[in-house]
Amino acid sequence: MPELPEVEVVRRGLADHVLDRTVAAVDVAHPRAVRRHVAGGPDFAARLAGRTITAARRRGKYLWLDLDGDEALLAHLGMSGQMLVADHGRPDEKHLRVRLRFADGGPELRFVDQRTFGGLSLHPVVGPDRLPEPVGHIARDPMDPAFDLDAAVAGIRRRRTGLKRALLDQTVVSGIGNIYADEALWRARLHGERPTEKLTRAQGRTVLAAAAEVMDAALDAGGTSFDALYVNVNGASGYFDRSLDAYGQADRPCRRCGTPIRRESFMNRSSFSCPRCQPRPRGL
DNA sequence: CGAGTATCCTGTCCGC
DNA sequence: TGCGGACAGGATACTC
């Protein structure tokens, strides 16, 4: 499940392999993969052909390739999306959704996505930051050089909800998914259902700094593990196996205090936390 | 309008 | 062995 560090690994791989290359032809193998391109698959393929890729950019979990002209090829990997740089003739992956061939005859770019939560689309880039339109409402992520920590803390405290919900809201801070939210809360020793209006500024700064630390660590681990010719979003899985303190650790002892980690139901999914280090707020 | 929830999808795992 | 159900979860359309 790609979160920000995995998406950044993919962005770097794309920067290495598709920059300054011109798209020759596009195959859309599954229409759902381009459902966010409202004009449809044939329009997507026709408009992408002949375009040259000028940059590989990212905000939060959104990834896009700037094209010549003021447009971008936007990608979201969803739950299971992968960008693969593949030599011709290599057998198609079972869940190949979109293929880009290039005019230089070099390796092609494949979008592979088992569960089709992800997708590709073309959009104008707008505003001073030259963002694709669907990214306009996404907040800066903690790895963005222009990320404003105090503004993000203020954004969280302005919400009237639980802390974990606020962390997952991509319009407040982007790039934090279920795994990193649980890890950040564990590091900050805060329960996810703590009301945001009772969160102190110091607690807010602590939990966001923790999120940034977890992301940095995952990027260090994932950024070195992918093959130069195979841009693989699963590159960071080794990090998850070894380094998670809370997420997925139900009944295993907390690394700080030894208390078994608890699993709770949250928004039709799961939250993991230490009952002792992260006590439930009173009354909840 | 803000908060919370239902929904999309498919592969894996578990119990019977 | 095979089947049914739970589970994984980002983003958004939807309701209240």
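Naming convention: chains lettered A, B, ... in sequence-line order (proteins, then strands); numbering from 1 in each chain.
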(request) Could you check how far CD1 of A:I176 sits from C1' of C:dA11, rounded to whole Å? (result) 16 Å

(message) I need the CD-C1' distance between A:E193 and B:dA3, as an integer number of Å.
(response) 15 Å

(request) Under 4.0 Å between any heavy atoms, over every strand shown, what does A:R165 touch: base, sugar-phosphate, or nothing? Just pick one. (result) base

(request) Take the protein atom CZ of A:R115 and the nucleotide atom P of C:dG10, then report the distance between them rounded to whole Å. (result) 10 Å

(request) Compare the minimum distances between each of B:dG11, B:dT5, B:dC9 and the side chain of A:Q114, then state the nucleotide with the smallest one. (result) B:dG11

(message) Counting only side-chain nitrogens and oxygens, does A:H95 get under 4.0 Å of the OP1 or OP2 atom of B:dG11?
(response) yes

(request) Report yes or no: does A:S174 contribute a side-chain atom to a donor-acceptor pair with the main-chain N or O of A:A139 at less than 3.5 Å? (result) yes

(message) Using a heavy-atom cut-off of 4.0 Å across all strands, would you classify A:R263 as base, sugar-phosphate, or nothing?
(response) sugar-phosphate

(request) Could you check whether A:F266 gets within reach of a base, just the sugar-phosphate, or nothing at all, counting any heavy atom under 4.0 Å? (result) nothing

(message) As a test of reading the structure: which of C:dT12, B:dG4, B:dT10 is closest to the side chain of A:Y62, going by heavy atoms?
(response) C:dT12

(message) If I take atom CG in residue A:L163 and atom P in nucleotide B:dG4, what distance separates them, rounded to the nearest angstrom?
(response) 13 Å

(message) If I take atom CZ in residue A:R59 and atom C1' in nucleotide C:dG10, what distance separates them, rounded to the nearest angstrom?
(response) 18 Å

(request) Could you tell me whether A:H137 contacts a base, only the sugar-phosphate backbone, or nothing, with contacts defined as non-hydrogen atoms closer than 4.0 Å? (result) sugar-phosphate

(request) Compute both the distance and the angle, then confirm whether A:R256 meets the cation-pi test with A:W186: under 6.0 Å from the six-membered ring centre, within 45 degrees of the axis. (result) yes

(message) Looking at A:R187 and A:E183, is there a salt bridge between them, counting it only when a charged N and a carboxylate O are closer than 4.0 Å?
(response) no

(message) Would you say A:S80 places a side-chain N or O within less than 4.0 Å of OP1 or OP2 belonging to B:dT10?
(response) no

(request) Could you state the atom-to-atom distance from CZ of A:F117 to C1' of B:dC9 in whole Å? (result) 5 Å

(message) If I take atom CD1 in residue A:I179 and atom P in nucleotide C:dA8, what distance separates them, rounded to the nearest angstrom?
(response) 11 Å

(request) Determine, for A:R130 against A:D70, whether the closest basic-nitrogen to carboxylate-oxygen distance falls under 4.0 angstrom. (result) yes

(request) Would you indicate which nucleotide in B:dG4, B:dG11, B:dC9 comes nearest to any side-chain atom of A:R32? (result) B:dC9

(message) Would you say A:H76 places a side-chain N or O within less than 4.0 Å of OP1 or OP2 belonging to C:dG10?
(response) no

(request) With the side chain of A:N268 defined as its heavy atoms from C-beta on, choose the nearest nucleotide among C:dA11, B:dC8, B:dA6. (result) B:dA6

(message) On the side chain of A:R269, is there an atom forming a donor-acceptor pair with the base of C:dG10 - under 3.5 Å, no angle test?
(response) yes

(message) If only side-chain N and O atoms count, and only distance matters, is there a donor-acceptor pair under 3.5 Å linking A:T116 with A:R32?
(response) yes

(message) Once hydrogens and angles are ignored, does a donor-acceptor distance under 3.5 Å link the base of B:dA3 to the side chain of A:R159?
(response) no

(request) Salt-bridge test for A:R140 and A:D129: reply yes if a basic N is under 4.0 Å from a carboxylate O, no otherwise. (result) yes

(request) May I have the distance from A:L168 (atom CG) to C:dT12 (atom C1'), rounded to whole angstrom? (result) 15 Å

(message) So, OP1 or OP2 of C:dC7: does either fall under 4.0 Å of a side-chain N or O from A:S270?
(response) no

